There are 2 protein chains.
Amino acid sequence: MINIDDLRQKFHDRQYKLTPQRQIILQAFLDNHDKHLCAEDVHNIVRQKYTDIGLATVYRTLEIFSDLDILHKMDFGDGRSRYEINESSNPHQHHHLICLSCGKVKEFEGDLLETLESVISRKSNFKIVDHQVKFYGYCRECQDKC
Amino acid sequence: MINIDDLRQKFHDRQYKLTPQRQIILQAFLDNHDKHLCAEDVHNIVRQKYTDIGLATVYRTLEIFSDLDILHKMDFGDGRSRYEINESSNPHQHHHLICLSCGKVKEFEGDLLETLESVISRKSNFKIVDHQVKFYGYCRECQDKC
DNA sequence: CTTAGTGCAAAACCTTTGCAACTCT
DNA sequence: AGAGTTGCAAAGGTTTTGCACTAAG
């Protein structure tokens with residue numbers, strides 16, 4: 001997982017400047033690596049340390065981080081983009097289980113799609129570089145309620 | 001795949017009214033079962049037959065159809081929801097290959113996730129009812145261009 | 001006739017953009 | 001000093017909502 005020094009290096013390579021706003025936004029993800037934060041979540045977290053930060057800055061920073069593969073932009077169908085920090089260099093590591101009742105998102109570890117990807121690549125001449133898998137259903141707690 | 005008579009039955013059960021607008025919107029999907037239409041696409045198609053239909057009606061109808069599992073709401077990351085008609089009673093039939101270069105969406109037939117689903121259900125106590133799988137990469141045509 | 005549905009316009013959201021002031025390097 | 005960055009406010013795009021009117025059952 002990325003740290004501040006990696007960030008400094010990556011930014012230097014691309015001639016981005018390392019502002020306090022950007023460092024604090026990264027920190028927000030490091031402190032919440034298990035969550036799926038949206039722009040507004042990030043804004044609220046970051047404002048506690050840096051009162052005057054603007055929401056536009058958050059959006060601009062999230063886009064840069066996504067381009068640099070520091071964050072992964074995702075959609076869980078709630079009308080806003082959510083981001084999660086890339087835990088490793090291999091993005092194919094976990095899947096999301098989305099509860100249709102309470103909306104919570106659980107993670108499921110393990111990459112069981114490698115073979116499926118090679119089948120698809122061969123059969124349809126499509127060069128796959130990433131995938132996103134979402135399972136919809138009911139989590140343990142919501143099953144108990146019924 | 002659904003037809004007008006099925007629609008009549010489903011609507012009757014829920015006390016929805018079968019208006020010409022709703023029939024024409026269903027017809028748009030029957031005529032374009034291979035496409036992934038967004039609300040505006042539907043509005044444009046439907047307006048050719050029913051000039052005065054409002055975009056709000058299209059949105060409201062798409063939501064009803066999704067609730068009734070006649071349509072499937074999807075997100076391909078282009079900032080708007082897209083819908084496709086449910087070809088069968090089993091929604092687990094095909095996956096989407098999204099080209100990162102030209103944006104085209106191809107379909108890949110075959111349900112290779114049944115076993116993965118049962119593994120997940122067992123290991124994480126999550127009752128899966130649906131899944132959505134997207135593969136990102138480069139289509140044949142865009143690979144040739146490089 | 002009753003209830004649900006429609007079209008329109010306005011509102012609500014999330015996200016992006018223009019710009020003058022500012023700040024990393 | 002200079003290029004990139006910020007915050008603010010305004011604009012953009014999609015989707016939802018309020019309301020008077022209309023039409024299906």
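In what follows, every heavy atom counts, from backbone to side chain, and hydrogens, waters and symmetry copies are set aside. Residue numbers start from 1 in every chain, and the chains themselves are labelled A, B, ... in the order their sequence lines are given, proteins ahead of strands. Predicted model only: the values in this text are computed from it and were never measured.
- Annotation for Lys127(B): atom NZ does not count as buried by contact number, only 12 or fewer foreign heavy atoms lying within 6.0 Å.
- Note on Thr57(B): every side-chain N or O is 4.0 Å or more away from OP1 and OP2 of dG5(C).
- The side-chain heavy atoms of Lys134(A) and Asp75(A), taken from C-beta on, include a pair separated by under 4.5 Å.
- Shown here are the side-chain contact (heavy atoms from CB on, under 4.5 Å) partners of Ser81(A), two or more places apart in sequence or in another chain: Lys73(A), Tyr83(A).
- The terminal axes of the helix from dC1(C)-dG25(D) to dT25(C)-dA1(D), fitted over 5 pairs per end, subtend an angle of 40° to the nearest 10°.
- With sequence neighbours excluded, the residues that form a ring-ring contact (aromatic ring centres under 6.0 Å, His included) with Tyr16(B) are Phe11(B).
- Taking all atoms of both residues into account, the shortest heavy-atom contact from Ile53(B) to His43(B) is O-NE2, 2.9 Å.
- Between the side chain of Lys123(A) and the main chain of Phe108(B), no donor-acceptor pair closer than 3.5 Å is present.
- Reading DNA chain D from its 5' end, the first and the last nucleotide to sit under 4.0 Å from a heavy atom of chain B are dT14(D) to dG25(D).
- With rounding to whole Å, Asp78(A) atom CG is found 14 Å from dC13(C) atom P.
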Check residues 55-71 of chain B and write down every donor-acceptor pair under 3.5 Å in which the side-chain atom is one partner and the other belongs to a residue at least two apart or another chain.
{"unit_1": "Thr61(B)", "atom_1": "OG1", "unit_2": "Thr57(B)", "atom_2": "O", "d": "2.8"}
{"unit_1": "Ser66(B)", "atom_1": "OG", "unit_2": "Leu62(B)", "atom_2": "O", "d": "2.9"}

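- Nearest heavy-atom pair across Phe126(A) and Tyr136(B) is CE2-C, 4.1 Å.
- Qualifying salt bridge (Lys or Arg N to Asp or Glu O under 4.0 Å) partners for Arg47(B), counting only residues two or more places apart in sequence or in other chains: none.
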Readout for nucleotides 16-25 of chain C: B = base within 4.0 Å of protein heavy atom, S = sugar-phosphate only, - = neither; 5' to 3' it is BBB-----BS

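- Among residues two or more places apart in sequence or in another chain, the side-chain contact (heavy atoms from CB on, under 4.5 Å) test is passed with Ser101(A) by Cys99(A), Tyr138(A), Cys142(A).
- Shown here are the salt bridge (Lys or Arg N to Asp or Glu O under 4.0 Å) partners of Arg82(B), two or more places apart in sequence or in another chain: Asp41(B), Asp78(B).
- Within a heavy-atom distance below 4.0 Å of DNA chain C, the residues of residues 22-47 of chain B found are Arg22(B).
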Give every donor-acceptor pair under 3.5 Å between a side-chain atom in residues 24-38 of chain A and any protein atom, sequence neighbours left out.
{"unit_1": "Gln27(A)", "atom_1": "NE2", "unit_2": "Asp31(A)", "atom_2": "OD1", "d": "2.9"}
{"unit_1": "Asn32(A)", "atom_1": "OD1", "unit_2": "Lys35(A)", "atom_2": "NZ", "d": "3.1"}
{"unit_1": "Asn32(A)", "atom_1": "ND2", "unit_2": "Ala28(A)", "atom_2": "O", "d": "2.7"}
{"unit_1": "His33(A)", "atom_1": "ND1", "unit_2": "Glu87(A)", "atom_2": "OE2", "d": "3.3"}
{"unit_1": "His36(A)", "atom_1": "NE2", "unit_2": "Glu84(A)", "atom_2": "OE1", "d": "3.2"}
{"unit_1": "His36(A)", "atom_1": "NE2", "unit_2": "His96(A)", "atom_2": "NE2", "d": "3.3"}
{"unit_1": "His36(A)", "atom_1": "NE2", "unit_2": "Glu107(A)", "atom_2": "OE2", "d": "2.7"}

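- Remark: Asn3(B) engages Asp5(B), Asp6(B) in a side-chain contact (heavy atoms from CB on, under 4.5 Å) (not counting sequence neighbours).
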